[in-house]
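See below for the structure under consideration.
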There are 2 protein chains.
Amino acid sequence: MANPLPRDPIADAQRNWERSGWGNTAAPMAAITAIMRTQQILLARIENVLKPFGLTFARYELLALLSFARTGALPMNKASALLQVHPTSVTNAVDRLEKSGLVVRSPHPTDGRTTLVELTTEGRTMAKRATAALNNEVFSQSGFADDDVEHLIRIFGSFRRRAGDFNDVDDLSTR
Amino acid sequence: MANPLPRDPIADAQRNWERSGWGNTAAPMAAITAIMRTQQILLARIENVLKPFGLTFARYELLALLSFARTGALPMNKASALLQVHPTSVTNAVDRLEKSGLVVRSPHPTDGRTTLVELTTEGRTMAKRATAALNNEVFSQSGFADDDVEHLIRIFGSFRRRAGDFNDVDDLSTR
DNA sequence: TCCAAACCCTTGGATGTCCTAGTATATTGC
DNA sequence: GCAATATACTAGGACATCCAAGGGTTTGGA
């Protein structure tokens, strides 16, 4: 990890924006830049925890998704939709997970176009272990206050819905 | 863009987490996953706006950084530190920007190890144009309410400081 | 019935990020 | 003053993401 900078580079950028006549968009610019940087920091922490398992975050997400599927299997296109990544990214992840013996591909029983990805026994075990590690080493000490976590879930939930990610109006806080 | 899902996959994941005995970390997990997805959406929007300019976000960030430097030039290691990316990522970006004629490399006047990256006239023009496009097409319609933008800047500012990004306690709201 | 359109997955290519290692230059300490 | 250590940049490799294009399978309308 590099040494801390003396000043916040994003706050500096915000000032530069304002000084250049973009005062009305300086704040959203700063917020978006902060999201980018935060994502980078969090992803690095996650990858660091997953490395001993021989997993990356992309592959872990697929394992976790499969572990919550009723039968431990999903069509590739379904996984792509739920993970919200390009189909080729799923192909890539499945290739590597299959080489590691954590998932297997099988033909869809009724649709010849579709391929199912299924968790192996080792895959299910790996998903459990990796999940425990992530919860214990990352999520339980995220660095966000409880209130802020709720803020983030709400703000980004609205954002993602408006961005076209999903249609429902489900609100966990009302359960 | 894919069609919207009927349900929010992150809210579903949060429920699965709770059902599996990870109730205490389900919320931070959901918040972090939402940050990842939001970053992906925003990056796609930004790349989309920059594409006509032949720029990517990584290259744009370097151009913007240089455009705010007093002399339009910075040592590579300085750029790496301020952009908070690996030195090799800067090398990569400079290689491509140099091929496009937007920046030039030059030796540091007193330190033989250091290379300066400097904006060309075309580079400065490009930075201005791309910045205007991003402000008009992305930042001015970020999809976040003004209040939420302030929340995000505050929350992620604290997070980044605690993560070791920078040392100051600068708070824009007190200016 | 049958062919065009739609859908599913994969291959190949472009980019970005990081890590590791190697080369060159500066700085430090004895 | 010189060797050891630190610093700066780059080359090569592993992965991830997306896009474009191609081949196989289904579906749907004439």
Side-chain angles (χ1 to χ4, degrees), chain A residues 1-3 36-37 39-51 53-62 74-100 103-117, chain B residues 1-3 36-37 39-48 50-51 53-63 74-100 103-117:
Chain A
M1 198 70 71
N3 289 325
M36 302 286 185
R37 175 56 185 155
Q39 187 266 354
Q40 187 183 26
I41 293 170
L42 289 169
L43 182 58
R45 287 186 190 173
I46 290 171
E47 298 278 14
N48 198 51
V49 169
L50 291 177
K51 184 172 297 178
F53 297 95
L55 290 176
T56 62
F57 189 47
R59 290 178 229 168
Y60 166 76
E61 279 194 296
L62 182 52
L74 281 176
M76 309 260 303
N77 65 332
K78 204 84 178 203
S80 168
L82 292 172
L83 296 175
Q84 309 193 268
V85 295
H86 199 277
T88 53
S89 297
V90 175
T91 295
N92 185 321
V94 171
D95 282 351
R96 297 171 194 282
L97 287 172
E98 197 166 29
K99 280 200 187 88
S100 307
V103 305
V104 290
R105 267 184 249 240
S106 59
H108 188 286
T110 64
D111 189 335
R113 297 169 299 184
T114 302
T115 300
L116 295 177
V117 198
Chain B
M1 199 71 73
N3 289 324
M36 301 287 184
R37 175 58 186 155
Q39 186 266 353
Q40 187 182 27
I41 293 170
L42 290 169
L43 182 59
R45 288 186 189 172
I46 290 171
E47 298 279 13
N48 198 51
L50 292 177
K51 184 173 299 180
F53 297 96
L55 290 176
T56 62
F57 188 48
R59 292 177 225 167
Y60 166 75
E61 279 196 296
L62 182 53
L63 283 188
L74 282 176
M76 308 261 302
N77 64 334
K78 204 90 177 193
S80 168
L82 292 173
L83 295 175
Q84 309 192 269
V85 295
H86 200 275
T88 53
S89 296
V90 175
T91 295
N92 184 325
V94 171
D95 282 351
R96 298 170 194 280
L97 287 171
E98 198 166 30
K99 279 200 186 88
S100 307
V103 305
V104 290
R105 267 183 249 239
S106 58
H108 188 285
T110 63
D111 189 333
R113 297 168 300 181
T114 301
T115 300
L116 296 178
V117 199

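In this text the structure is predicted, and so the values were computed from the model without any measurement. Letters A, B, ... are given to chains in the order of the sequence lines, protein chains preceding strands, and every chain is numbered from 1.
Rounded to whole angstrom, the span from the CD atom of A:E61 across to the C1' atom of D:dC15 amounts to 15 Å. In this entry the distance linking CD of A:Q39 with C1' of D:dT17 reads 12 Å, nearest Å. Across the protein-nucleic acid pair, A:L83 atom CG and D:dT17 atom C1' stand 13 Å apart, rounded to whole Å. Atom CZ in B:R96 sits roughly 14 Å away from atom C1' in D:dA11 (whole-Å rounding). In this structure, B:N92 atom CG and D:dC15 atom C1' are separated by 14 Å, rounded to whole Å. Rounded to a whole Å, the CG atom of B:L50 is 17 Å from the C1' atom of D:dC19. When the P atom of D:dT17 is taken as reference, atom CG of A:D95 falls 13 Å away, rounded to whole Å.
Among the heavy atoms of the strands lying under 4.0 Å from B:V85 are primed sugar atoms or P, OP1, OP2 only; no base atom is included. Within the nucleic acid shown, B:D111 comes within 4.0 Å of sugar-phosphate atoms alone, with no base atom in reach, counting heavy atoms only. As judged by a 4.0 angstrom heavy-atom cut-off over every strand, A:T88 is placed among the base-contacting residues.
Comparing A:E47 and B:P75 by the nucleotide of DNA chain D whose heavy atom lies nearest to each, the residue mapping closer to the 5' end is B:P75. When each of B:T91 and A:P87 is assigned the nucleotide of DNA chain D with its nearest heavy atom, B:T91 is the one assigned upstream, toward the 5' end. When each of A:K51 and B:T56 is assigned the nucleotide of DNA chain C bearing its nearest heavy atom, the one mapping closer to the 5' terminus is B:T56.
Residues B:V94 and B:V117 are in side-chain contact: their nearest non-hydrogen atoms beyond the backbone lie under 4.5 Å apart.
Side chain of A:T115 to main chain of A:P107: no donor-acceptor pair is present (N/O by atom type, distance under 3.5 Å, no hydrogens or angles). Without hydrogens or angle criteria, A:E98 side chain to A:R105 main chain gives a donor-acceptor distance under 3.5 Å. No donor-acceptor distance shorter than 3.5 angstrom exists from the side chain of B:E47 to the backbone of B:L42, with no hydrogens or angles considered. Between the side chain of A:E61 and the main chain of A:L83, no donor-acceptor pair closer than 3.5 Å is present.
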>> Show, in sequence, the C-alpha distance, side-chain angles and deciding distance for B:L74 and B:L62, and conclude whether the side-chain contact (heavy atoms from CB on, under 4.5 Å) test is met.
In response: CA-CA 10 Å; B:L74 282 176; B:L62 182 53; over 6 Å; no

> Checking side-chain contact (heavy atoms from CB on, under 4.5 Å) for the pair A:M36/B:I46: CA distance, chi angles, key distance, verdict?
Replying inline: CA-CA 12 Å; A:M36 302 286 185; B:I46 290 171; 3.7 Å; yes

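Counting 5' to 3', DNA chain C first comes under 4.0 angstrom of a heavy atom of chain B and last does so at the ends given by C:dT15 to C:dA26.
Using a 4.0 Å cut-off, some side-chain N or O of B:N77 falls inside it from OP1 or OP2 of D:dC9. The side chain of A:S89 contributes an N or O atom lying less than 4.0 Å from OP1 or OP2 of D:dC18. Remark: B:Q40 is not in phosphate contact with D:dA16, judged by side-chain N or O atoms under 4.0 Å from OP1 or OP2.
For residues 106-115 of chain A, the set of pairs meeting the salt bridge (charged side-chain N to carboxylate O under 4.0 Å, His left out) definition, not counting sequence neighbours, comprises A:D111-A:R113.
One finds the CG atom of B:L43 at 11.5 Å from the CZ atom of B:R45 (value rounded to the nearest 0.5 Å). Rounded to the nearest 0.5 angstrom, B:R59 CZ and B:D95 CG are separated by 10.5 Å.
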> When every nucleotide of nucleotides 1-6 of chain D is labelled 5' to 3' by its protein contacts under 4.0 Å (heavy atoms), B for base, S for sugar-phosphate only, - for none, what sequence of letters results?
Replying inline: ------

